[in-house]
K.L.:
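I have a structure I would like to understand better, so I am pasting it below and will then ask my questions one at a time.
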Amino acid sequence: QVQLVESGGGLVQPGGSLRLSCVASGSIFSIYAMGWYRQAPGKQRELVAIITSFGSTNYADSVKGRFTISRDNAQNMVYLQMSSLKPEDTAVYYCNARERVVPAKDYWGQGTQVTVSS
């Protein structure tokens, strides 16, 4: 089992920045990749960014150049630095971890609200 707790959300004006954090606990050695997803009202949950166990990263086209995912292996944490925020970035952001099992199993944090508004 893996437990995830994210934090750092809040209200920010367009063009502003926020940094989200997620700490993993439990069977952390089973984690293959971690990432951030978001879900806006009335929309499906979508991938924002992922980072693998060896450091490879991928981003949704909508956030490339604005968001940066990183990790701190010693503290079992993953971060999402968000800059140049837009109103369309408003959503609940969820931390995700994929367990190294067959079939792969996903774990989710409780979510943190990000609101971009004037």
Side-chain angles (χ1 to χ4, degrees):
Q1 293 288 321
V2 175
Q3 295 81 45
L4 304 172
V5 179
E6 60 265 75
S7 61
L11 175 64
V12 64
Q13 293 186 346
S17 299
L18 282 175
R19 189 192 193 202
L20 306 183
S21 301
C22 174
V23 60
S25 61
S27 301
I28 58 175
F29 293 108
S30 69
I31 297 174
Y32 168 74
M34 297 185 69
W36 292 93
Y37 290 69
R38 66 186 181 187
Q39 187 167 23
K43 296 185 177 181
Q44 294 184 332
R45 189 173 299 184
E46 65 177 356
L47 173 70
V48 177
I50 57 171
I51 185 166
T52 68
S53 59
F54 52 91
S56 179
T57 59
N58 286 286
Y59 297 89
D61 289 340
S62 60
V63 306
K64 286 181 179 178
R66 300 188 298 119
F67 292 9
T68 301
I69 189 170
S70 61
R71 67 182 186 182
D72 184 333
N73 291 331
Q75 298 186 24
N76 302 313
M77 298 190 71
V78 63
Y79 306 93
L80 185 68
Q81 177 65 50
M82 305 184 294
S83 300
S84 301
L85 284 162
K86 306 174 181 179
E88 50 263 45
D89 294 318
T90 296
V92 177
Y93 284 70
Y94 296 91
C95 183
N96 165 267
R98 178 157 288 186
E99 189 177 13
R100 199 199 315 271
V101 294
V102 180
K105 182 176 177 63
D106 287 310
Y107 296 88
W108 301 93
Q110 82 286 353
T112 184
Q113 177 71 47
V114 173
T115 302
V116 184
S117 176
S118 298

K.L.:
Closest heavy-atom contact between C95 and V78?
P.N.:
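Distance-wise, the nearest heavy atoms are SG-CG1, 3.9 Å.
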
K.L.:
R38 and salt bridge (charged side-chain N to carboxylate O under 4.0 Å, His left out): which single residue from E88, E6, E46 fits?
P.N.:
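For R38, the salt bridge (charged side-chain N to carboxylate O under 4.0 Å, His left out) test succeeds with only one of E88, E6, E46, which is E46.
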
K.L.:
Could you measure the distance from the CZ atom of F67 to the OG atom of S83? Nearest 0.5 Å is fine.
P.N.:
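Interatomic distance, F67 CZ to S83 OG, rounded to 0.5 Å: 8.5 Å.
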
K.L.:
Any donor-acceptor pair under 3.5 Å linking the side-chain atoms of N73 with those of R71?
P.N.:
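Yes, side-chain donor-acceptor contact under 3.5 Å.
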
K.L.:
Tell me whether M82 shares a hydrophobic cluster with I69, the cluster being built from Ile, Leu, Val, Met, Phe, Trp, Tyr side chains joined at under 4.5 Å.
P.N.:
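Linked within one cluster.
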
K.L.:
Under a 4.0 Å threshold between the charged nitrogen and the carboxylate oxygen, would D89 count as salt-bridged to K86?
P.N.:
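No, no charged N to carboxylate O under 4.0 Å.
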
K.L.:
Show, in sequence, the C-alpha distance, side-chain angles and deciding distance for V114 and L20, and conclude whether the side-chain contact (heavy atoms from CB on, under 4.5 Å) test is met.
P.N.:
CA-CA 9 Å; V114 173; L20 306 183; 4.1 Å; yes

K.L.:
Once rounded to the nearest 0.5 Å, what's the spacing between atom CD of Q113 and atom OG1 of T90?
P.N.:
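The OG1 atom of T90 is 7.0 Å from CD of Q113, to the nearest 0.5 Å.
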
K.L.:
Quick check: is L85 connected to Y37 through a chain of hydrophobic side chains (ILVMFWY, heavy atoms under 4.5 Å apart)?
P.N.:
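No, it is not one cluster - the side chains of Y37 and L85 are not joined through contacts under 4.5 Å.
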
K.L.:
Could you walk me through whether M34 and L4 pass the side-chain contact (heavy atoms from CB on, under 4.5 Å) check?
P.N.:
CA-CA 10 Å; M34 297 185 69; L4 304 172; 3.9 Å; yes

K.L.:
Going through the distances and angles, do Y59 and T68 end up as a side-chain contact (heavy atoms from CB on, under 4.5 Å)?
P.N.:
CA-CA 8 Å; Y59 297 89; T68 301; 3.8 Å; yes

K.L.:
In Å, rounded to the nearest 0.5 Å, how long is the span from CG of N96 to SG of C22?
P.N.:
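That separation rounds to 9.0 Å.
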
K.L.:
Nearest 0.5 Å, please: how far is OG in S21 from CD in Q75?
P.N.:
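Taking CD in Q75 and OG in S21, the distance rounds to 9.5 Å.
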
K.L.:
If every non-hydrogen atom of Q1 is compared with every non-hydrogen atom of Q3, which pair is closest and at what distance?
P.N.:
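Nearest pair, atom of Q1 first, then Q3: CB-NE2, 3.6 Å.
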
K.L.:
Taking all heavy atoms of S53 and all of I31, pick out the closest pair and write down the distance.
P.N.:
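For S53 and I31, the tightest heavy-atom pair comes out as CB-O, 4.3 Å.
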
K.L.:
Could you walk me through whether R100 and F29 pass the side-chain contact (heavy atoms from CB on, under 4.5 Å) test, one step at a time?
P.N.:
CA-CA 9 Å; R100 199 199 315 271; F29 293 108; over 6 Å; no

K.L.:
Are M77 and V5 connected, step by step, through hydrophobic side chains (Ile, Leu, Val, Met, Phe, Trp, Tyr) whose heavy atoms are closer than 4.5 Å?
P.N.:
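Yes, same cluster.
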
K.L.:
Are I28 and Y107 connected into the same hydrophobic cluster when the rule is that any two of I, L, V, M, F, W, Y join if their side-chain heavy atoms are below 4.5 Å apart?
P.N.:
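Linked, Y107 and I28 end up in one cluster.
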
K.L.:
Relative to each other, are the rings of W108 and Y94 parallel, tilted or perpendicular (30° and 60° limits)?
P.N.:
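Plane angle over 60°, so perpendicular.
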
K.L.:
To the nearest 0.5 Å, tell me how far Y93 OH sits from S7 OG.
P.N.:
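One finds 15.0 Å between OH of Y93 and OG of S7.
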
K.L.:
First locate atom CG of N58, then atom CD1 of I50, and finally report the distance between them rounded to the nearest 0.5 Å.
P.N.:
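One finds 4.5 Å between CG of N58 and CD1 of I50.
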
K.L.:
Would you call V101 and S30 a side-chain contact if the rule is heavy atoms closer than 4.5 Å?
P.N.:
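Answer no - side chains too far apart.
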
K.L.:
List the atom of A40, the atom of A91, and the distance in Å for their closest heavy-atom pair.
P.N.:
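Heavy-atom minimum between the residues: N-CB, 3.8 Å.
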
K.L.:
At their closest point, which heavy atom of V92 faces which heavy atom of G111, and how far apart are they?
P.N.:
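Shortest heavy-atom contact: CG1-CA, 3.8 Å.
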
